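Working notes for the structure below.
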Amino acid sequence: MNCDLSGKVSLVTGAARGIGQAIGNRFAANGSIVYYTDLDGDEAKTAASISPNCRGLKLDVTKANDITVALQHIVSKCGRLDILVNNAGVNTLAHRVPIDQFPREEWDRILAVDLTGVYEMSKAAGAVMRAQQSGRIINIASIAGLVPLRLQCPFVAAKAGVVNLTKAMALELGPHGILVNGIAPGSTLTEGTRKLFYGDNGLFKESVQRMLDHIPLGRPGTVEEIAVAALFLADPENSYMNGHILTVDGGWTAGYAREF
């Protein structure tokens with residue numbers, strides 16, 4: 001898929017690798033000036049080396065000062081911000097346990113990035129976009145925010161929050177020319193899912209086939225497939241979609257893929 005993002009300025013959080021990097025690459029290939037931001041500033045700069053129109057910045061979405069500095073830098077250099085992709089997110093590898101055993105500090109860590117980070121980034125970017133009376137905000141949620149999964153209650157809660165936050169923002173920002181939509185990926189091949197499922201030493205590799213049996217396409221998605229969805233939401237010609245959660249999961253949430 002291709003569209004014309006020439007002259008558009010984009011900021012992607014968590015863009016040093018995985019889905020965020022793939023989205024940044026796709027936007028850049030379609031003409032956007034892209035700021036790859038990440039907790040690891042050096043890796044963000046490496047990811048941004050794909051094009052002379054791309055830049056890498058260190059940005060911790062849990063720190064208000066990082067957000068302010070990044071937005072001020074982008075606006076001072078480019079005069080605007082057209083697209084924000086809230087992709088930065090974390091989950092837990094060590095604590096796949098029921099809620100009565102789940103550590104509060106892990107709950108706080110995950111919610112701070114996955115939900116509060118989306119709020120803080122959108123608050124800051126929304127002010128810029130409201131002033132220019134245009135913009136796109138794309139939130140990366142998860143099918144876990146639509147259909148809860150076991151043993152990861154904070155991730156499920158955060159992503160469910162992102163789903164309804166997306167819709168609330170669409171109501172509030174739509175009148176100012178700002179479209180807010182989300183993407184709910186299913187199981188996607190990333191560094192994190194390899195550690196959990198798809199790698200030779202994955203913590204839960206024995207359960208991979210059971211999970212894939214619920215996906216009609218029988219495979220995990222790729223980061224490029226999620227990036228195509230993000231490009232569709234960023235396309236200037238896609239001008240009437242607002243408050244929508246685009247599910248990209250191979251059919252996982254379409255219904256039961258097994259016979260009873």
Side-chain angles (χ1 to χ4, degrees), residues 3 5 7-15 19-20 23 27 32 34-35 37 59-76 78-89 110-147 154-185 226 229-248:
C3 71
L5 296 181
K8 301 293 185 183
V9 180
S10 305
L11 186 163
V12 184
T13 67
I19 291 173
I23 291 173
F27 284 10
S32 178
V34 183
Y35 283 84
T37 71
L59 196 162
D60 183 343
V61 299
T62 69
K63 295 182 178 178
N65 186 63
D66 275 22
I67 295 171
T68 298
V69 169
L71 266 293
Q72 287 178 344
H73 174 80
I74 293 171
V75 173
S76 70
C78 303
R80 60 189 301 106
L81 175 64
D82 298 292
I83 304 166
L84 166 66
V85 180
N86 283 310
N87 169 74
I110 292 169
L111 267 290
V113 177
D114 292 6
L115 182 55
T116 306
V118 174
Y119 157 75
E120 292 287 2
M121 285 299 307
S122 300
K123 179 181 179 181
V128 174
M129 293 176 179
R130 184 192 288 257
Q132 64 197 28
Q133 289 290 290
S134 66
R136 302 286 177 98
I137 297 177
I138 302 169
N139 296 326
I140 306 302
S142 167
I143 61 163
L146 303 172
V147 181
F155 183 75
V156 167
K159 294 303 185 178
V162 169
V163 167
N164 266 347
L165 177 60
T166 298
K167 296 177 180 181
M169 287 164 54
L171 294 175
E172 296 170 359
L173 299 177
H176 302 281
I178 304 163
L179 304 185
V180 187
N181 294 288
I183 299 172
I226 308 305
L231 184 64
F232 170 68
L233 294 177
D235 188 341
E237 293 190 2
N238 181 13
S239 56
Y240 201 62
M241 183 175 286
N242 190 35
H244 182 71
I245 305 298
L246 187 58
T247 304
V248 187

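Bear in mind that the values here come from a model prediction, so they are computed numbers and not experimental data.
Here CG of N181 is found 7.5 Å from CD1 of I138. Values are rounded to the nearest 0.5 Å. In this structure, the separation between NZ on K159 and CG on L146 is 11.5 Å, given to the nearest 0.5 Å. One distance of note links CD of Q132 with CZ of R80; it measures 4.5 Å at 0.5 Å rounding. For the atom pair OG1 (T13) and CD1 (I23), the distance works out to 9.0 Å, reported to the nearest 0.5 Å. Put simply, CD1 on I245 and CD1 on I183 are 9.5 Å apart, with the number rounded to the nearest 0.5 Å. Interatomic distance, M129 CE to L81 CG, rounded to the nearest 0.5 Å: 4.0 Å.
Within the structure, no pair that satisfies the side chain to side chain donor-acceptor pair (under 3.5 Å) test touches residues 110-121, not counting sequence neighbours. Screening residues 234-243 for side chain to side chain donor-acceptor pair (under 3.5 Å), with sequence neighbours left out, gives no hits.
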Would M169 and N139 satisfy side-chain contact (heavy atoms from CB on, under 4.5 Å), going step by step from the backbone distance to the final call? CA-CA 11 Å; M169 287 164 54; N139 296 326; 4.2 Å; yes
Yes or no on side-chain contact (heavy atoms from CB on, under 4.5 Å) for C3 and F232, after CA distance, side-chain angles and deciding distance? CA-CA 8 Å; C3 71; F232 170 68; over 6 Å; no
One pair to check against side-chain contact (heavy atoms from CB on, under 4.5 Å): L111 and L115. What are the steps and the verdict? CA-CA 5 Å; L111 267 290; L115 182 55; 3.8 Å; yes
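L59 is not listed as a side-chain neighbour of Y35, based on a closest heavy-atom distance of 4.5 Å or more. Using a 4.5 Å cut-off on side-chain heavy atoms (C-beta onward), V85 and L11 make no contact. When side chains are defined from C-beta on, V75 counts as touching V128, because their heavy atoms get closer than 4.5 Å. Under the 4.5 Å side-chain criterion, counting only non-hydrogen atoms from C-beta, L233 is not in contact with R136. L165 has its side chain out of reach of V163: every pair of non-hydrogen atoms, C-beta onward, lies at least 4.5 Å apart.
With no hydrogens or angles considered, a side-chain donor-acceptor pair links S32 and S10 at under 3.5 Å.
Across all their heavy atoms, V9 and C78 have their closest contact at CG2-CB, 3.7 Å. L71 approaches A124 most closely through the heavy-atom pair CG-CB, 4.3 Å. Pairing each heavy atom of L246 with each of A229, the nearest pair is CD2-CB, 3.8 Å. Across every non-hydrogen atom of V156 and A144, the tightest pair is CG1-O, 3.4 Å. P185 and I19 make their closest contact through CG-CD1, 4.5 Å (heavy atoms, listed as atom of the first residue, atom of the second, distance). Among all heavy-atom pairs drawn from G14 and A88, the shortest one is N-CB, 3.8 Å.
With hydrogens and angles ignored, the 3.5 Å screen pairs a side-chain donor or acceptor of Q133 with a backbone N or O of R130. For the pair D60 (side chain) and T62 (backbone), a donor-acceptor distance under 3.5 Å is present.
By the side chain to side chain donor-acceptor pair (under 3.5 Å) test, N87 pairs with no residue at all, sequence neighbours left out.
For the side chain to side chain contact (heavy atoms under 4.5 Å, CB included) test with M121, the passing option among T37, N86, I137 is N86; the others fail.
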